Each structure stands twice: as structure tokens, then as C-alpha cells.
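Working notes for the structure below.
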Amino acid sequence: MCDLKGQYRRIKNEIDAAIQEVIDSTAFIKGKEVGLFQDELASYLGVKHVIGCANGTDALQIALMAHNLKPGDEVITPDFTFIATVEVVALLGLTPILVDVDPNTFTIDIQKLEEAITPRTKAIIPVHLFGQCANMDEVMRLAQKHNLYVIEDTAQALGANYYHSDGRVAKAGTLGTIGTTSFFPSKNLGCYGDGGALFTNDDDLAAEIRSIANHGMKVRYHHDRIGVNSRLDTIQAAILRVKLKHLDSFNKARIEAANAYDAMLKPCSKIITPARAKWSSHIFHQYTLKLVNVDRNKLQKELAAKGIPTMVYYPIPLHKQKAFEPDRKFNLGRSFQVSDSLSGSVISLPMHTELTDDVIKYIADNFLKVLKE
Ligand SMILES: *Cc1c(COP(=O)(O)O)cnc(C)c1O
């Protein structure tokens, strides 16, 4: 699904030198690369503050903690996402309110989002799923109208552009109150272990986030609140500094691979290729198709026999997960028709920065062949 080895080989000299420099310095925690990477990512994104942390799930948790939400406060998230988005809501004793997604972009359905807002709603977490932004103009309009925080889960879309309806362009993750991301190795900007970050333009929030991620302290050994220990390692920051310079070209390679898949697969009536939202670039963290009347299990097995891996993101929508059974009462009466249908019909093909024309052709040809049989 992903070719981290091939990518490493291309940038090996730069990466090895960066890692060695950290080892030579032995500044493994809070070394200078952490600050440098945060500054470089902030300037790439056009955001005032970037604060590193240990992973993308922590980033979401810290973002919620920074807003001082209380048990019983409602946080609205899409039903069709990786569990981390919603897990942290429940973990903090907040009430997750799940909302169905748009059948074409797989991002939060704006009309259903509006219907889900109550006087207890405090925040919305839109997810920029598979590499493409949610409809942020509409999310922000509703957030302003109802005075809600917006935490953008940008784990799958770092580097994507958002095109505002008035013509302005901004990077995904810089539009809400706080943006969060993950540097898990297979993400568009991945490190060589775990890592994550938060983004904000708000100075006070940035100070609060730094304090929460550092045991709730602003002055050493003065703990103002209960925090967590969540840091981006210096070695990971050094790797990320190298990879950030390649991010646009990495994302371009993904877009080109997606376009090549599209051209070959679009004519097939059993496949619906990924839709592009008019408000966002799509940087293809995943290349996810919808199948029409296809036995997906059988298809996956037959492709695997030809050496072609496929994955289903996500096979069970969150409202059906056992872990959220206690929260189910909050989501009764809401329809999840789209996420139910997507979980049964989507399939993702190999997508990464090292796909060659030959490999794409091999995958697409065999995909079509197996569908015809
Ligand atoms: C990967 C991911 C996360 C969590 O990131 P980790 O670094 O693995 O904790 C959160 N949200 C989404 C949408 C993700 O894809």
C-alpha cells in the first residue's frame, strides 16, 4: 500500500546525516531541530504557531483540553473517519455526536452537521479525509453562527490547499481554531516513528497547548493544570525537516498517480473514481474508490493473489463500533445511510510517492480484469 523503503532510498543521504547530527549532539529531547522544524512548518502552512507532540491522537486530545470543555459538552465529528478523532472526545468525558458524511467527498455532511447542533454543542472536528478538505467555509459559517470551536483533523491532508469561495487560498489545518496532524510514517508527511503537531494563529491558545503538552506547566515545576507528556522527538523533527522540503513534490507524485488510476479505471461501470471537491486540492493520502455491486472480499482475495494489496478504510462506521456503545444513546434517531453504504463499498488501492507508470498500469489492468471475470 505504501513504499517507505523506496522513498528512503531516494533521500537516504540527507536523512542519515540529519539523524547522525542529532545523535552526535545527544539532544534527544527538545533539541534545536524541534524548534527549527516547528518554525519551518509554520512558514510552509502560513500559520503563526506550530507545536509538536507525540502523535496525531495526542494532538486531538490536547486541542480539546486547550478549550477547557466540560463533561457533557457535545463535540460533533463525522461518523466515517479513523477512530482517533472520536476516541479522544469520549476519553475526556465529552459527548461525541456523530454525523453522516457526503457520499462524494466522504467529508462531513454540512446539512446534517447543522441539524446536529444543540445548545450543548461546543466544538466541531471536521476531518480532511483521504487528502481532501471538508467544506470549511460552511463549517466555519456554522461555527461562527453558534459560537463553536473548530478543530481540523489534518492527519490525512497535510499540504492540501483550501480554496475559499472568495478566492483566498489557505493550507488545510490553518482555518479552524486549532489544526492537528499526525506524522505517522505512512501519512503524507511521515516521520520514522510516531509524531504529531498542532497549529493555531491564536497566541493564548498556543501558550495553553504548549503548557498542556508539558505536564500543565508554563514555569518549570509550577503546574497550573493537569496536562500530559507529549513531545516530538528531536530525531523525528530532524527527519521531518528533511521531508518537509520534499512535501510538495511527494504530494505531486500522489496526485499524478491518482490521475493515472482515474484515466484507466473511470470507464468501468463497476467503479466510481474519487470525486474532487471544488473547494480543495486532493493530495491523495488514500486513493479510495466506490465499488458498484461487487463482491469486495472476493475482489480483494483475487487481487492479493496477483500481488496487489488493497485496504478498506473504513469497514465499520463509528456509530457501529462496540467502543461507542455507551454513547449510542446520543446518536439515536440520526441516519448514517451514507457511512453505512460507504463502509460496505469502498476500497483503497496502493498509493504512495514511488508508484511508477508500469506499476499503476499493472494494478489498474488487473483490477479491471478481475472485475470482468
Ligand atoms: C492517523 C490519523 C490520526 C491519528 O494519528 P496517530 O499519529 O496515529 O495518533 C487521527 N486522525 C486521522 C484522520 C488519522 O488518519
Side-chain angles (χ1 to χ4, degrees), residues 1-2 4 37 41 50-65 75-92 96 98-99 101-102 105-108 123-134 136 139 150-160 172-173 176 178-199 209 213 228-233 235-237 239-240 243 251 254 280 282-288 311-318 321 323-324 339 342-343 346 348 351-352:
M1 290 301 289
C2 191
L4 294 174
F37 169 66
L41 183 57
V50 168
I51 301 117
C53 67
N55 57 66
T57 309
D58 274 11
L60 286 160
Q61 179 180 330
I62 293 165
L64 286 168
M65 290 171 77
V75 179
I76 300 178
T77 76
D79 183 45
F80 191 66
T81 175
F82 181 53
I83 189 163
T85 318
V86 191
E87 195 174 36
V88 291
V89 175
L91 194 66
L92 292 172
L98 304 171
V99 163
V101 293
D102 175 80
T105 63
F106 313 149
T107 56
I108 197 161
I124 308 168
I125 310 183
V127 178
H128 304 319
L129 201 73
F130 301 152
Q132 164 165 263
C133 295
M136 287 302 292
V139 169
V150 175
I151 298 166
E152 294 176 73
D153 184 341
T154 318
Q156 301 190 3
L158 198 68
I178 299 177
T180 67
T181 202
S182 162
F183 303 122
F184 186 83
S186 62
K187 301 281 155 97
N188 291 46
L189 180 61
C191 61
Y192 289 5
D194 275 308
L198 301 96
F199 327 127
I209 289 166
V228 295
N229 171 25
S230 189
R231 294 183 286 242
L232 182 64
D233 287 355
I235 287 184
Q236 301 305 342
I239 292 163
L240 288 164
K243 290 188 67 174
N251 284 340
R254 288 173 180 270
S280 176
H282 196 325
I283 55 168
F284 289 96
H285 175 60
Q286 299 297 345
Y287 184 84
T288 303
M311 288 289 284
V312 174
Y313 308 110
Y314 297 94
I316 306 170
L318 296 179
Q321 295 287 354
F324 293 126
S339 62
L342 289 178
S343 59
V346 290
S348 301
M351 173 50 72
H352 51 82

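Note that the structure is predicted; figures quoted are calculated from it, not measured. Basis for what follows: all heavy atoms, side chains included, without hydrogens, waters or symmetry-related copies. Start at 1 and go down the list; that is how both ligands and their atoms are numbered.
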key: Check: L129 N/O within less than 3.5 Å of ligand 1 N/O   = no
task = Report the residues that fulfil side chain to side chain contact (heavy atoms under 4.5 Å, CB included) with S182, sequence neighbours left out, ordered by chain and then residue number.
result = A155, F184, K187
key: Sub-4.0 Å atoms of ligand 1 with respect to non-hydrogen atoms of A84   = 4 (C), 10 (C)
task = Taking atom CD1 of I316 as the centre, report whether more than 12 heavy atoms of other residues, nucleotides or ligands fall under 6.0 Å from it.
result = no
query = Does K187 reach ligand 1, in the sense of a heavy atom lying below 4.0 Å from it?
reply = yes
Short side-chain donor-acceptor distance under 3.5 Å, T107 and D102 = no
key: M311: which of M1, Q286, M351 passes side-chain contact (heavy atoms from CB on, under 4.5 Å)   = M1
query = Below 3.5 angstrom, do we get any N/O pair linking Y314 and ligand 1?
reply = no
message = According to side chain to side chain donor-acceptor pair (under 3.5 Å), who are the partners of Y192, at least two apart in sequence or on a separate chain?
response = none
request  = May I ask you to check whether Q156 has an N/O atom sitting below 3.5 Å from an N/O atom of ligand 1?
outcome  = yes
message = Quick check: F284 with F130 (ring centres under 6.0 Å apart)?
response = no
message = So for ligand 1, is D153 a polar contact partner (N or O within less than 3.5 Å, distance only)?
response = yes
query = Which ligand 1 atoms, with their elements, are less than 4.0 angstrom from a heavy-atom of T57?
reply = 4 (C), 5 (O), 6 (P), 9 (O)
Sub-4.0 Å atoms of ligand 1 with respect to non-hydrogen atoms of N55 = 7 (O), 9 (O)
